[in-house]
Amino acid sequence: MTGDHRHPIFARLYPRLDAAAARAGGAAHRAELLAGARGRAVEVGAGHGANFAHYPGGVTEVVAIEPEPTLRARAVAAAAGAPVPVAVRAGVAEDLDLEDASFDVAVASLVLCSVRDPVRALAELRRVLRPGGELRFYEHVRSRSPRTAIFQKYTDVLWPYVAAGCHVSRPTGDWIERAGFTLRSERRFDFPASRAPNPSAPHIIGVAVRD
């Protein structure tokens, strides 16, 4: 599972969409995600490198994994201006070519919604984290509102085909705890805020620790 995953149209549109989201508050979420992180970090699904500018000085190195070649090229460019050393590599979250217990922090940011096997990806993140290491997560998730969750379920019939595999109805928070992590903090919120129904609005951000 180490080959490129090509989504050329999405890869060209996503940086523009993310820039708009950043202005609406997404940049603050990324800063919250990484605040206080220390040591060696691995980030899966790094995309075009939107998180790189938010890594604090306590992070000694970031190994950023991205399977989409167009986004990966943008991430390489973003790494050159990052405040901490960033090495960008090809790869997928479900099959990390990294040593066991070799990282202090793992970062999953708007990626577990789109990986083909999120349970396996979480197992891989746990494997490469040292005991006591942190998983920093910021993800689309299934809503706790039954009505919204049903809306998300039906949205996921078509949504992944137009959003590079993104699923809006995954219970990612539950999967994190089942994967052998202890939840340290969690915040759930809708983003962007809107009165109109938005199946991708429910989010979760938090920190979990490898048992």
Side-chain angles (χ1 to χ4, degrees), residues 4-5 7-8 10-93 96 98 102-115 121 125 128-129 133-141 163-164 166 172 176 184-193 200-201 203-208:
D4 285 344
H5 292 183
H7 300 283
F10 177 83
R12 286 171 173 78
L13 289 175
Y14 181 70
R16 300 178 187 178
L17 297 173
D18 184 65
R23 292 190 293 270
H29 298 157
R30 294 182 187 278
E32 177 184 351
L33 170 72
L34 296 170
R38 301 186 63 85
R40 191 171 186 235
V42 57
E43 179 177 342
V44 293
H48 61 295
N51 282 330
F52 295 170
H54 300 285
Y55 277 95
V59 172
T60 57
E61 177 192 14
V62 179
V63 176
I65 309 297
E66 174 52 50
E68 210 294 321
T70 299
L71 290 174
R72 190 166 63 243
R74 288 178 173 264
V76 170
V84 299
V86 179
V88 180
R89 302 183 187 179
V92 294
L96 297 173
L98 300 169
S102 55
F103 290 90
D104 303 292
V105 180
V107 178
S109 172
L110 304 177
V111 63
L112 295 175
C113 57
S114 59
V115 297
L125 290 173
V128 302
L129 275 174
E134 294 180 339
L135 171 65
R136 303 289 185 109
F137 56 92
Y138 168 38
E139 295 288 342
H140 298 290
V141 288
C166 175
T172 302
I176 288 171
R184 177 182 292 170
S185 65
E186 173 188 284
R187 182 169 74 88
R188 291 177 179 260
F189 57 98
D190 283 355
F191 176 74
S200 66
H203 284 69
I204 188 172
I205 191 167
V207 180

I65 side, atom CD1; R72 side, atom CZ - distance, nearest 0.5 Å:
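One finds 10.0 Å between CD1 of I65 and CZ of R72.
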
Going from CG on L125 to CZ on F137, what distance comes out if it is rounded to the nearest 0.5 angstrom?
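The CG atom of L125 sits 12.0 Å away from the CZ atom of F137.
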
Heavy-atom closest contact ([X] atom, [Y] atom, distance):
X: A121; Y: L112; answer: CB-CD2, 4.2 Å
X: S114; Y: A164; answer: CB-O, 3.9 Å
X: V86; Y: A64; answer: CG1-CB, 4.2 Å
X: A106; Y: L129; answer: N-CD2, 3.6 Å
X: V84; Y: G57; answer: CG1-CA, 4.4 Å
X: E32; Y: I205; answer: OE2-CG2, 3.6 Å

Restricting to side chain to side chain donor-acceptor pair (under 3.5 Å), what partner residues turn up for R74, sequence neighbours left out?
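None.
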
Going by side-chain contact (heavy atoms from CB on, under 4.5 Å), V111 matches just one of E139, H140, E66. Which one?
E139

Is the shortest heavy-atom distance from the side chain of H54 to the side chain of L33 under 4.5 Å?
no

Is there side-chain contact between T172 and C113, with heavy atoms separated by less than 4.5 Å?
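No. Closest side-chain heavy atoms not under 4.5 Å.
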
Can you check side-chain contact (heavy atoms from CB on, under 4.5 Å) on E186 and I176, steps first, answer last?
CA-CA 11 Å; E186 173 188 284; I176 288 171; over 6 Å; no

Side-chain donor/acceptor pairs under 3.5 Å, residues 35-52, sequence neighbours excluded:
{"from": "R40", "atom 1": "NE", "to": "E61", "atom 2": "OE1", "distance (Å)": "2.8"}
{"from": "R40", "atom 1": "NH1", "to": "S102", "atom 2": "O", "distance (Å)": "3.1"}
{"from": "E43", "atom 1": "OE1", "to": "Y55", "atom 2": "OH", "distance (Å)": "2.7"}
{"from": "E43", "atom 1": "OE2", "to": "N51", "atom 2": "ND2", "distance (Å)": "2.9"}
{"from": "H48", "atom 1": "NE2", "to": "D18", "atom 2": "OD2", "distance (Å)": "3.4"}
{"from": "N51", "atom 1": "OD1", "to": "R30", "atom 2": "NH1", "distance (Å)": "2.9"}
{"from": "N51", "atom 1": "ND2", "to": "S109", "atom 2": "OG", "distance (Å)": "3.3"}

Just to verify, what does Y138 make a ring-ring contact (aromatic ring centres under 6.0 Å, His included) with, not counting sequence neighbours?
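So Y138 forms a ring-ring contact (aromatic ring centres under 6.0 Å, His included) with H29, H203.
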
